[in-house]
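What follows is a single structure, written as structure tokens, with notes after it.
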Amino acid sequence: MTNDIDTIAAAEPVLLAAGATLRPLVLPARADAAPSALLRAYADVRNASILESTGRTDDALTADELLPVLRSSRTTRKQHWYIERDDELIGCVAVDILGDSGGETAILTIAVLAAHSGHGIGTTALAQVEQQLRAVGVTKLLGWAEHRSTGRSDGRLEAPTGFGSIPLDHSARFLQQTGFGLEQIERVSAFFWTADAERLLRTHRDGAQEHAGDYRIVQWMWPTPPEHIDGFAWLKSRMSTDVPDAEMGMPEEMWDAARVAEMEERQAAKGFTVQVTAAQHIETGELCAFNELAISIDRPSDSSHQFDTLVLKEHRGHRLGMLVKCAGLLRWHERFPESARVVTYNAEENRPMLSINEAIGFAPIGYEGAWKKLLS
């Protein structure tokens with residue numbers, strides 16, 4: 001797969017509709033090199049497109065933060081393109097080819113700034129990228145796009161899961177017209193810190209602990225200590241099998257200590273710090289549930305990100321989800337009191353986790369469609 005993806009990276013620029021050009025984004029060869037002027041422009045367009053699609057800056061990254069994220073890992077081969085028109089960078093395309101799928105599944109993100117949309121640029125760029133991906137064995141594309149209730153919409157699109165709907169907006173029409181099908185809807189939720197919120201968290205934490213007498217809370221900041229790394233790797237692997245996936249067909253992920261270490265190193269290079277709160281079975285020492293919270297070290301007043309939360313199937317029914325979320329948030333607020341809110345994503349059909357979020361004060365702020373396309 002490495003040689004194939006290198007062939008994509010070396011591909012020639014391609015002329016698109018409306019005089020635009022698709023060009024491979026070449027990253028600095030040295031891991032410690034500073035971002036180039038081109039990469040800084042790419043980061044600016046990426047951030048602008050996120051703001052246009054979500055109305056928020058929660059996922060904006062500086063070029064220095066973005067560069068480590070763009071590089072391939074031992075389990076994911078990454079390729080990026082930028083779209084140029086009249087010597088101006090107006091769009092970007094990112095592809096992650098998943099090694100856990102044997103290279104057959106890729107996650108795709110494509111964005112063209114609103115001022116340049118409607119001219120067929122995104123459609124022709126996608127066609128070119130798909131052609132190159134087919135050539136290296138990719139058979140399925142997955143993508144996530146946020147759909148806002150503001151702006152023009154031609155009605156609503158229901159999820160085939162029966163849970164949730166999104167407006168049939170510009171992004172949804174583009175994805176449908178280019179062969180993608182909506183598979184699932186994720187709710188974007190935010191939690192805001194108040195004195196009442198803190199009291200509510202303590203009440204829910206204490207109530208959950210009463211039902212979890214066979215478990216104790218353990219917490220750490222990345223990097224994960226040696227005594228927990230194998231258990232943490234197993235929990236991370238179950239995120240690919242034990243959460244609602246609709247018909248997306250994400251591959252089962254194989255995690256070990258080396259993969260955990262690489263993930264943690266990447267987040268550190270990005271400038272993020274991450275806290276893990278886990279529930280440990282007292283008798284066996286097994287880690288049975290976990291919650292992750294993250295923030296940029298350089299921007300401690302930004303929104304915090306709640307990454308993964310999971311309770312292993314065999315340990316459900318003891319309120320461990322409520323326990324790790326509340327204990328995690330309370331400790332996090334002690335560490336980062338300037339961060340006024342926490343943002344998280346959950347599948348709309350994941351009612352057990354959404355019920356916990358709602359009980360402790362998370363409220364919806366957006367909805368994201370999960371889309372799939374099979375490449376012929």
Side-chain angles (χ1 to χ4, degrees), residues 1-11 24-25 27 68-81 92-111 125-145 159-161 175 178-186 230 232-267 292 307-310 312-313 345-347 349-350 368-376:
M1 187 167 61
T2 302
N3 291 336
D4 289 338
I5 203 76
D6 288 345
T7 300
I8 291 179
L25 179 69
L27 303 182
V69 178
L70 299 181
R71 296 191 183 279
S72 296
S73 69
R74 69 189 185 103
T75 56
T76 305
R77 302 301 302 173
K78 300 193 175 195
Q79 180 58 45
H80 311 273
W81 295 260
C92 46
V93 185
V95 169
D96 292 0
I97 301 179
L98 307 181
D100 290 304
S101 73
E104 295 183 353
T105 298
I107 296 174
L108 176 139
T109 303
I110 181 167
L126 178 59
Q128 290 295 330
V129 169
E130 287 181 0
Q131 181 179 330
Q132 296 184 48
L133 293 176
R134 286 189 188 94
V136 299
V138 174
T139 60
K140 181 170 66 178
L141 288 180
L142 306 178
W144 283 261
T161 60
L175 289 162
T178 54
F180 283 83
L182 179 67
E183 298 292 342
Q184 186 182 51
I185 291 172
E186 292 199 350
D230 289 337
F232 185 49
W234 175 247
L235 287 170
K236 294 295 287 187
S237 74
R238 295 307 88 194
M239 281 298 301
S240 64
T241 61
D242 292 6
V243 298
D245 186 43
E247 297 299 321
M248 292 293 278
M250 283 288 287
E252 181 177 357
E253 296 178 352
M254 300 294 108
W255 283 78
D256 57 16
R259 185 165 180 172
V260 169
E262 184 180 41
M263 171 188 67
E264 295 177 343
E265 289 166 4
R266 184 177 295 255
Q267 287 292 336
E292 296 169 329
F307 287 168
D308 291 344
T309 302
L310 178 76
L312 293 179
K313 289 180 178 180
Y345 291 72
N346 299 95
E349 65 266 35
N350 192 354
E368 185 178 66
W371 298 79
K372 180 176 74 176
K373 179 177 182 178
L374 300 179
L375 300 181
S376 56

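Here the structure is a predicted model, which is why all the values come from computation and not from measurement.
Between the K372 side chain and the E247 main chain, a donor and an acceptor come within less than 3.5 Å of each other. In terms of modelled atom types and a separation under 3.5 Å, the side chain of R266 and the main chain of P68 share a donor-acceptor contact. Counting only distance, with no hydrogens or angles, the side chain of S240 and the backbone of E253 share a donor-acceptor pair below 3.5 Å.
For the atom pair CG of D308 and CZ of R238, the computed distance is 13.0 Å after rounding to the nearest 0.5 Å. Between the CG atom in L126 and the CG atom in L108 there is a gap of 6.0 Å [rounded to 0.5 Å]. Distance check: R259 CZ to K236 NZ gives 9.5 Å after rounding to the nearest 0.5 Å. Considering NE2 of H80 and OG1 of T109, their distance stands at 9.5 Å, rounded to 0.5 Å. The distance from the CH2 atom of W81 to the CD1 atom of I110 is 10.0 Å, given to the nearest 0.5 Å. If you take CD on E104 and OG1 on T139, they are separated by 4.5 Å, rounding to the nearest 0.5 Å.
Residues M250 and L98 have side chains in contact (heavy-atom distance under 4.5 Å, counting atoms from C-beta outward). The shortest distance between side-chain heavy atoms of V95 and V129 falls below 4.5 Å. A 4.5 Å side-chain heavy-atom check between V69 and K78 finds at least one atom pair inside the cut-off. Counting only heavy atoms from C-beta outward, the side chains of L25 and L70 approach each other to under 4.5 Å. By the 4.5 Å heavy-atom criterion applied to side chains, D100 and E252 are not counted as neighbours.
Across D230 and A257, no two heavy atoms sit closer than the pair OD1-CB, 4.3 Å. Here the closest heavy-atom approach between residue L235 and residue L310 is recorded as O-CD2, 3.5 Å. Heavy-atom minimum distance, M239 versus T309: SD-O, 3.8 Å. Across all their heavy atoms, V260 and F232 have their closest contact at CG1-CD2, 3.9 Å. The minimum heavy-atom distance between A159 and L182, with the atom names listed, is CA-CD2, 4.1 Å.
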**Request:** Using the side-chain contact (heavy atoms from CB on, under 4.5 Å) rule, take L133 and I97 through it: C-alpha gap first, then chi angles, then the decisive distance, then the call.
**Result:** CA-CA 9 Å; L133 293 176; I97 301 179; 4.1 Å; yes

**Prompt:** Can you list the steps and then say if E130 with K373 is a side-chain contact (heavy atoms from CB on, under 4.5 Å)?
**Reply:** CA-CA 10 Å; E130 287 181 0; K373 179 177 182 178; 2.7 Å; yes

**Request:** Take M248 and D245 through the test side-chain contact (heavy atoms from CB on, under 4.5 Å) and record every step on the way to the result.
**Result:** CA-CA 6 Å; M248 292 293 278; D245 186 43; 3.4 Å; yes

**Request:** Would you sort out whether E183 and W371 count as a side-chain contact (heavy atoms from CB on, under 4.5 Å), showing the intermediate values?
**Result:** CA-CA 6 Å; E183 298 292 342; W371 298 79; over 6 Å; no

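Salt bridge annotation for D256-R74: present, with a cationic side-chain nitrogen under 4.0 angstrom from a carboxylate oxygen.
More than 12 heavy atoms of other residues, nucleotides or ligands sit less than 6.0 Å from atom CD of E262.
For E349 and Q184, the side-chain atoms include at least one donor-acceptor pair closer than 3.5 Å.
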